[in-house]
Amino acid sequence: MDNERKLTIARAMAEATAQEMRIDPRVFVMGEDIADLGGVFGNTRGLAEEFGKERVRDTPISETGFIGAAVGAAQDGMRPVVELMFVDFFGVCFDAIYNLMAKNTYFSGGKFNVPMVLMTSTGGGYSDAGQHSQCLYGSFAHLPGMKVVSPSNAYDAKGLMTAAIRDPNPVIYMYHKGLQGMGWLGTEKGAIVHVPEEPYEVEIGKARIAREGRDVTIVSIAQGVHHGLKAARILQDQGISAEVVDLRSLVPLDRDTIRASVAKTGRLIVVDEDYHSFGVSGEIIATVTETNLADLKAPPRRIAYPDVPIPFARVMEQYCLPNADKIVAAARELCGAVIPA
Amino acid sequence: MDNERKLTIARAMAEATAQEMRIDPRVFVMGEDIADLGGVFGNTRGLAEEFGKERVRDTPISETGFIGAAVGAAQDGMRPVVELMFVDFFGVCFDAIYNLMAKNTYFSGGKFNVPMVLMTSTGGGYSDAGQHSQCLYGSFAHLPGMKVVSPSNAYDAKGLMTAAIRDPNPVIYMYHKGLQGMGWLGTEKGAIVHVPEEPYEVEIGKARIAREGRDVTIVSIAQGVHHGLKAARILQDQGISAEVVDLRSLVPLDRDTIRASVAKTGRLIVVDEDYHSFGVSGEIIATVTETNLADLKAPPRRIAYPDVPIPFARVMEQYCLPNADKIVAAARELCGAVIPA
Amino acid sequence: MTPSRNTLGWMYEKMVASRHFEELIEKIYMEGKTPVFNMANGPIPGEMHLSNGQEPVAVGVCAHLTPDDIVTATHRPHHQAIAKGVDLKKMAAEIFGKATGLSGGRGGHMHIFDAEVNFACSGIIAQGMGPAAGAALSRKLQGKPGVAVSFIGEGAANQGAFHETLNLAAVWKLPMIVVVEDNAWGISVAKEASTAIQCNADRAAAYGIPGHYIPGNDPLKIYEVAGEAIARARRGEGPTLIEVETYRLAGHFMGDAEGYRPDGEKDALFAKDPIPNLRRLLVSDHGFTEAELDEIEDKARAEIEEAIAFARQSPDPKPEDALTAVFA
Amino acid sequence: MTPSRNTLGWMYEKMVASRHFEELIEKIYMEGKTPVFNMANGPIPGEMHLSNGQEPVAVGVCAHLTPDDIVTATHRPHHQAIAKGVDLKKMAAEIFGKATGLSGGRGGHMHIFDAEVNFACSGIIAQGMGPAAGAALSRKLQGKPGVAVSFIGEGAANQGAFHETLNLAAVWKLPMIVVVEDNAWGISVAKEASTAIQCNADRAAAYGIPGHYIPGNDPLKIYEVAGEAIARARRGEGPTLIEVETYRLAGHFMGDAEGYRPDGEKDALFAKDPIPNLRRLLVSDHGFTEAELDEIEDKARAEIEEAIAFARQSPDPKPEDALTAVFA
Ligand SMILES: Cc1ncc(C[n+]2csc(CCOP(=O)(O)OP(=O)(O)O)c2C)c(N)n1
Ligand SMILES: Cc1ncc(C[n+]2csc(CCOP(=O)(O)OP(=O)(O)O)c2C)c(N)n1
Ligand SMILES: [Mg+2]
Ligand SMILES: [Mg+2]
């Protein structure tokens, strides 16, 4: 419906957070530049105005300190929503994340839990170079004890944020800069969709069939889903029917949905803006081949970021990034279609 | 030959380092407790005595500081060999590792290089719990710009260390505590092998066929190789011929050797003490299925650490760890052999 | 601020209990590890960091805390846990890796967590500090009482988390105390080889907060200084940094040959053992009788022995329970 | 220590050059980004952090350095690079992402690396400090001359790396200087909201090293204090921490609406612009003529324009070269 309310992911995230803050006094927000500025990527806009700077607090540039603090606050009964401005910065504070946040529930035999959300921006494509453009999906998904989600559109963004805040466990909430709907980062129109006003949850750990198809399954998350959808539209014109799976969560990973799709199509392409090796794309391929080897009509393929740091120069970065053309070419190959010259 | 000189991995590492220090004044060593104590895991024993405490320096407990410093020293022409005592501690200093060490060569277009070795201990099995028992192979191998090696025996340990120190690039040298030959950590006898006195290199990026076989390929690294070899001996008695591939390097990954082996055997088991998902095991399976789908006579299998923090209690930890029995069971299944009750 | 007679008795009791706990653990730890010392063996496998000699810090500080206050500890947590009132049986069972342990054997000696008394650990140096600040923030946001104390070693004061957390706590005026146990060594590295200044308490100046150094491993002096700092925090006046000279009478961990210690150091330390010292003082200055103190000791020891016996007798966890409690 | 006439002229020249560089970059950066501001577009895509107003720190410090000395810089590196003598053409080309750039376009504005003059960057806050300490250590181990200067922002002084590196440099008496550019803001967060004390120079006490605060964004005062610190380091007496009050005349990055600034702050800062200030001073106190200074300015500007023209005209890198130079 054209007159439905459409939001950007940034606004959907802020709305979900505000709604939870209204009903749950335990929820508070902290991070760099999240109060007055409303977050560099807009996802906390309006919160400081509504809830004040005690509950929405700018931090020093001390990620180890304040993410560690979030863990302690969560263990003490609060529900911190904390921001790591770029996922690329995880190297200065990963201990607080994966050795504390992710493990204290286990170490305490479930006596403490750590209900917190760590929001962090991912992704490149706008020439921000090698320390500000990574996805690092695999780096987080590999380590046990934290859930990992990433929305491809504003509807999921709101529902996943609500679910994440309500979850009694730590959730890494990765939002792709290219989908935020901040004009200055470019805008993926497909991410701006209808978002209901009332609070709702999108279940963490459930993938979504973003488009149904018969011939090939394209599995991705966040920005990659839009590449997949674009490719699917092109492929349709070429007589190839592609199914697009939007993972939405990496942990838990909805292996059933992936497998069911490939069982149907017999062909798999994984689209991953994270580095190629030892990450998401390998895991998805292994997931399928472990159980559905006989279904595979062609070897699985991955369109992932090559194993190189992300270059600044636009031509170089664009060369490396996944895109619809690369997916189309791979799909045609898998389907045995003639590759047009 | 029984009267050949046999060394532990710890001694082999120290010997390689000492030999390079003798011929190359740029090589120096730093880390926590590596001077007087000779390293908690023995791999710097004797160095402070021979080279003095300027070149073999104990550091404060400041991993970000001293690993960052190693990067700067390497860029300035030195060849630091630096130790992160347990790989589990990478969270306090990963930025220095993956955003500086691993990327500065690229950021400088090759004008700076960063010839350093980061040694770090891995692995569990002795009840050191969830912050001191991890392997994290995948966490390092996933990120571009650093080589990653891990020896399964003292011969490779020396040759890989020599190659790593001489390499103009950063090398993560992961040594498994269970293989070090320190009695107090238990001793895997198979790791203590003949080591020539003179310096030699083992090429980084080349896997080794640790045992030839026809029916199933067991791919692993470090401790997992010994589980694989043990399993192969048991399987042989049961009429199954297993080939064991010792990766030795994860980056570069010797995909050719893996593929050639599976092309021959048609069956793949990956043994990985690192966490199951989004890591090494998925990558190896994807590597094979991408190119050798048709060769596979059965779905690939992985015996990996489950996606849970590492528990302290011995019965729990042992339940989770890979071992020969699990490999044997998987191999029999893959080969369609009857599983004995 | 002088402790009441009751508190003095409590302090002595907890020091004795703590020491006795370590002595028993030490002995049992070696079971199954002779003649060949292999950490993986015996009823208590893994690393073991004993706190012998460091009891004064734990009791001097924790005497001011209620179960509702928060403590975060380190790889060397037993004395603090005992002083904070962590359930002794469950703690002992945890160290044995038993099903009845605090976390059913998942955590072990370096991961003592007791939600009942708000006690948590991290085996990663200085990384308990952030969570302590966060718990303090939680109380501040909720308008609930409670202070958070983070214990760390002097070696940990060179870790980035030390700096970030103290700055954060100071900017936000959090009810938090950082207590540095200066036992002169970080494993084999002496304080002066790792720390640019003599006294970490002086680092308080970097955060505009009070800093105190307490020499002599003296429980009464610690009680006094900690009491003031904690009262200050409870009044909402912000954090304090306290460094305490203390003695590590044991090796860094069990199996440590301690070759790095200068000759005679260990003997000198044993001569200053704080437990007999306190006992003498209680008799000479505080009117305790020897009989009274014997009774306190017996009670303390008995409780420990009971806890250890409980741990011994408890069943192993089910192996497959390793896969549970990852998520709430 | 007063700079020689030559040095004064050099300082003025580099300040003018740096400012002109930023002004041109600012203009060109906006090409292709109007009417809709999208960072990905135009001849210079990505984030852009300008250094307008912070030139005094760069020239006051770098006036004492040779190409052989080491500098590590941050996400805001242009002024320091220019003062350190980084190749202007290659640097401009790098910022344009051209094949002729310092790293062939791989690094861009936040990753200016010039091995010829030992200049390196990190876009991660405070993470240039470790490498600077390491380069200083390298010189010490080799017995070679050279000091390492790490420039950071005042916001960075709350990062763990600040603490770890200063302690390390102090314990090891490394020839290193840490220069904190206090421009009062870390993006939108004011210094007093993030830092527990007024002045980071006071944090030197935590490491037993000299600490100096220099108010007024004054290049001559900076020259003097930095000169002493660098001489001290060259004599082997160890590190110094210097904090300099400076002004960020631009937004944090291009596109920053700066809504967080109090009313009137920007105007007040522009009124204190250090470049016209220095010009007046050179005439009034140091015997420079207006004509001389015009000539210096013209020369500085011409060099910058040449560099920018070079960058403009240079070819794009080959896309597939993205895959090279990962390893040596
Ligand atoms: C980040 C990190 N680095 C290194 C270690 C290894 N380690 C464990 S204890 C220890 C020494 C700690 O010294 P100190 O803080 O003085 O505490 P103490 O052992 O004396 O109680 C070290 C280096 C660790 N656990 N975490
Ligand atoms: C570890 C880390 N955290 C956060 C950021 C994001 N960030 C970039 S610049 C900046 C502010 C830096 O402030 P300051 O150090 O004062 O330098 P200035 O920008 O004022 O020059 C922040 C928070 C980062 N790059 N690295
Ligand atoms: Mg100590
Ligand atoms: Mg600033």
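Fair warning: this is a prediction, and the values are worked out from it, not measured in the lab. Throughout, protein chains are lettered first and strands after them, A, B, ... in sequence-line order, and every chain is numbered starting at 1.
- Side-chain contact annotation: T105(B) with N169(B), donor-acceptor N/O pair under 3.5 Å absent.
- Legend: ring pair (Phe, Tyr, Trp, His ring centres under 6.0 Å) pairs involving residues 35-64 of chain B, not counting sequence neighbours, sorted by first then second residue: F41(B)-F86(B), F41(B)-W184(B).
- For chain B, no part of A132(D) is nearby; none of its heavy atoms comes within less than 4.5 Å.
- The greatest number of non-hydrogen atom pairs below 4.5 Å with chain D, out of S62(B), P60(B), C93(B), P115(B), is found for S62(B).
- Looking at F28(B), the atoms closer than 4.5 Å to chain D (heavy atoms on both sides) all sit in the side chain, from C-beta outward.
- In terms of heavy-atom pairs under 4.5 angstrom with chain B, the leader among A161(D), S138(D), G108(D), A148(D) is S138(D).
- In this structure, chain D has no heavy atom under 4.5 Å from any part of K103(B).
- Listed by chain and residue number, F90(A), F90(B), Y98(B), F140(B) satisfy the ring pair (Phe, Tyr, Trp, His ring centres under 6.0 Å) test with F94(B) (two or more places apart in sequence, or in another chain).
- With hydrogens and angles left out, the side-chain atoms of S103(D) and S108(B) include no donor and acceptor closer than 3.5 Å.
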- Task: Determine, step by step, whether H79(D) and F21(D) satisfy the ring pair (Phe, Tyr, Trp, His ring centres under 6.0 Å) criterion, reporting the C-alpha distance in whole Å, the side-chain angles of both residues, the deciding distance to 0.1 Å, and the verdict.
- Result: CA-CA 9 Å; H79(D) 55 321; F21(D) 190 81; over 10 Å; no
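- The residue among P144(B), G110(B), G145(B) with the most heavy atom pairs within less than 4.5 Å of chain D is G145(B).
- With a threshold of 4.5 angstrom between heavy atoms, T324(D) approaches chain B through N, CA, C or O but not through any side-chain atom.
- Contacts of E116(D) with chain B are absent, with no heavy-atom separation under 4.5 Å from either backbone or side chain.
- Results of the side chain to side chain donor-acceptor pair (under 3.5 Å) test with S51(D) over E181(D), H78(D), E22(D), R76(D) single out E22(D) as the only residue that passes.
- In this structure, the portions of E54(B) lying under 4.5 Å from any heavy atom of chain D include both its backbone and its side chain.
- Figure legend: K158(B) and Y200(B) shown without cation-pi pairing, the cationic atom not lying both under 6.0 angstrom from the six-membered ring centre and within 45 degrees of its axis.
- We find that R26(B) and D24(B) are joined by a salt bridge, their nearest charged nitrogen and carboxylate oxygen being less than 4.0 Å apart.
- For H75(D) and H111(D), the ring centers are positioned 6.0 Å apart or more.
- Of all the listed residues (N99(B), V71(B), D95(B)), the one sharing the greatest number of non-hydrogen pairs under 4.5 Å with chain D is D95(B).
- At a 4.5 Å heavy-atom cutoff, A126(D) makes no contact with chain B through either its backbone or its side chain.
- Contact of D114(D) with chain B is made through the backbone alone, with heavy-atom distances under 4.5 Å.
- Separation of the H142(B) and F278(B) ring centroids does not fall under the 6.0 Å cut-off.
- Chain B forms more heavy-atom pairs under 4.5 Å with one residue of G107(D), G160(D), A325(D) than with any other, namely A325(D).
- Contacts of L102(D) with chain B are made by backbone atoms alone, with heavy-atom separations under 4.5 Å and no side-chain atom involved.
- In this structure, chain D has a heavy atom under 4.5 Å from the side chain of M30(B), while its backbone stays farther away.
- Most heavy-atom pairs under 4.5 Å with chain B, from the set L137(D), I112(D), N118(D): that is L137(D).
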